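Structure record follows, encoded as structure tokens.
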Amino acid sequence: HAKTAGRGRFAIFGKEMDTMLQQRRTLERELREALASETQIQVHYQPLYSAHEQKINGVEALLRWKHPEQGWIAPDIFIPIAEDAGMIEALGERVLRQACTDSMSWPIETVAVNVSVVELRNPAYAMKVAKILLSIGMDPTRLELEVTESALTDTAGHCEHNIKALRALGITIALDDFGTGFSSLGRLQQLAVDRIKIDRSFVHGFGNSTNDEAIVRAIIELAHAKGLRTTAEGVETTAQSDYLRHLGCDDLQGFLLSRPMPVKEVERLLRTSASLGAISTTG
Ligand code: C2E
Ligand code: MG
Ligand code: MG
Ligand code: MG
């Protein structure tokens, strides 16, 4: 009796697996088509604000996929597919070229681009970035690459070598989603990066988790002791931004300040805030 029930469950499970695999294969094929198209893959930009001045210090480039039938598909869905299906390098090159080209004349210090650990495992990655910047005429000190903790703990790959080479070119490296990976606070001392981005899960705990407040305070203090800059992700309320400012966090990113937006909109925003800045410094 138990056996037949078990077999029944297995049959259902098998069917679900089948559907899932089929959907996955379809998305994979459609992503390949999207990469070949001019319009489906887009780059949106989210401003990064100085915590202590009325100023936009930089923008983060975020990939967007406008699927012809399903509408917008989130990067958390299609990036892992691109990584598994050997498309992440093409996608990464696309976003890097686009972000550098779009931001050439923007009045900001840096444009930040996310990099997959799969890209960083390619021994030729740093050289590839250097060539792209050269072909566009982009100053490497204006580029920030966001890597995850998995890239810094990947002992088998070439990640560490690439990060060293990228920093030698003048590119800054930010550690994204800090606190969600395996690194301990202690390891923060040894990390060869320029900036720590504090994951939004800690910021959201403010007000109801003294633990999260203590963790963020410690991250900021340790980072500053090592000469690293700090950005808080996912700032959604004024209470959160006030507290982060009080803790000495350098930059703020989140829906409270700006959502990610298409290139035309971010250009309009940068024009407005640049002229506002000009008024406030002269007046
Ligand atoms: P991430 O690099 O940590 O990017 C920040 C994410 O937080 C973005 O999600 C952004 O829209 C979201 N966010 C910003 N402010 C807030 C807020 O106040 N509240 C909340 N709840 N969320 C906020 P998005 O655009 O969906 O991207 C998700 C992830 O996909 C990124 O996380 C990054 O890991 C990955 N990704 C995006 N673009 C690229 C890319 O070009 N290459 C690679 N390899 N990964 C990318
Ligand atoms: Mg990021
Ligand atoms: Mg992040
Ligand atoms: Mg994230």
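Every value quoted in this text rests on a predicted model; they were computed, and no experiment measured them. We count residues from 1, following the sequence as given. Counting convention: from 1, in listed order, for ligands and their atoms alike.
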(message) K131 vs E93, test: salt bridge (charged side-chain N to carboxylate O under 4.0 Å, His left out). Steps then yes/no.
(response) CA-CA 11 Å; K131 282 182 181 157; E93 180 166 344; over 6 Å; no
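- Salt-bridge formation is not detected for the pair R217/E213: no Lys NZ or Arg NE/NH1/NH2 atom is positioned less than 4.0 Å from an Asp or Glu carboxylate oxygen.
- Between I73 and F78, the shortest heavy-atom contact is O-CE2, 3.3 Å.
- Using a 4.0 Å cut-off between heavy atoms, D177 contacts ligand 1 through its side chain alone, with no backbone atom that close.
- Heavy atoms of H44 stay at 4.0 angstrom or farther from ligand 1.
- E146 contributes OE1 as its N, O or S atom closest to the Mg ion (ligand 2).
- Residue contacts with ligand 1: E83 is excluded, as none of its non-hydrogen atoms falls under 4.0 Å.
- Counting heavy atoms under 4.0 Å from ligand 1, residue V113 does not touch it at all.
- Taking distance alone, with nitrogen or oxygen atoms compared against 3.5 Å, L62 stays at or beyond that limit from ligand 1.
- Each of the atoms 6 (C), 7 (O), 12 (C), 20 (C), 21 (N), 22 (N), 23 (C) of ligand 1 lies under 4.0 Å from some heavy atom of R200.
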(request) Apply the test ring-ring contact (aromatic ring centres under 6.0 Å, His included) to residues Y45 and W106: give CA-CA distance (whole Å), side-chain angles for both, the deciding distance (0.1 Å), then the verdict. (result) CA-CA 12 Å; Y45 297 93; W106 294 355; 5.0 Å; yes
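- Residue P260 touches ligand 1 through its side chain alone, judged by heavy-atom distances below 4.0 Å.
- Considering backbone and side-chain N/O atoms, E236 comes within less than 3.5 Å of an N/O atom of ligand 1.
- Salt bridge absent: E267 and R271 never bring a charged side-chain N and a carboxylate O closer than 4.0 Å.
- Ligand 1 has no atom lying under 4.0 Å from any heavy atom of G92.
- Of the heavy atoms in K197, none comes closer than 4.0 Å to ligand 1.
- Considering the Mg ion (ligand 3) as centre, the angle to OE2 of E233 and to OD1 of D176 is 100° (10° rounding).
- Sorting the N, O or S atoms of D177 by how far they are from the Mg ion (ligand 3) puts OD1 first.
- With respect to K197 and D177, no salt bridge is recorded, no charged nitrogen being found less than 4.0 Å from a carboxylate O.
- Between D139 and R142 there is no salt bridge, since no side-chain nitrogen of the basic residue lies less than 4.0 Å from a carboxylate oxygen of the acidic one.
- Atom numbering of ligand 1 starts at 1 in the shown order; those under 4.0 Å from a heavy atom of D76 are 28 (C), 29 (C), 30 (O).
- Only the side chain of Q46 comes within 4.0 Å of ligand 1, counting heavy atoms alone; its backbone N, CA, C and O stay farther away.
- Contact annotation for R259 and ligand 1: no heavy atom of the residue comes within less than 4.0 Å of the ligand.
- Close approach to E233 involves these atoms of ligand 1, each under 4.0 Å from a residue heavy atom: 3 (O).
- Between the OE2 atom of E60 and the OD1 atom of N114, the angle taken at the Mg ion (ligand 2) works out to 90° after rounding to 10°.
- Note: no N/O pair closer than 3.5 Å links E119 and ligand 1 by distance alone.
- For the residue pair H52/D250, the side-chain donor-acceptor check at 3.5 Å is not satisfied.
- H67 is linked by a side-chain hydrogen bond (donor to acceptor under 3.5 Å, both in side chains) to E30, counting only residues two or more places apart in sequence or in another chain.
- The side-chain contact (heavy atoms from CB on, under 4.5 Å) test applied to D18 returns no partner, not counting sequence neighbours.
- Note: an N/O pair closer than 3.5 Å links L63 and ligand 1 by distance alone.
- Of the listed residues (T172, D194, N162), just one forms a side chain to side chain contact (heavy atoms under 4.5 Å, CB included) with R167, and that residue is D194.
- In this structure the side chain of I196 reaches within 4.5 angstrom of the side chain of I219, judged on heavy atoms.
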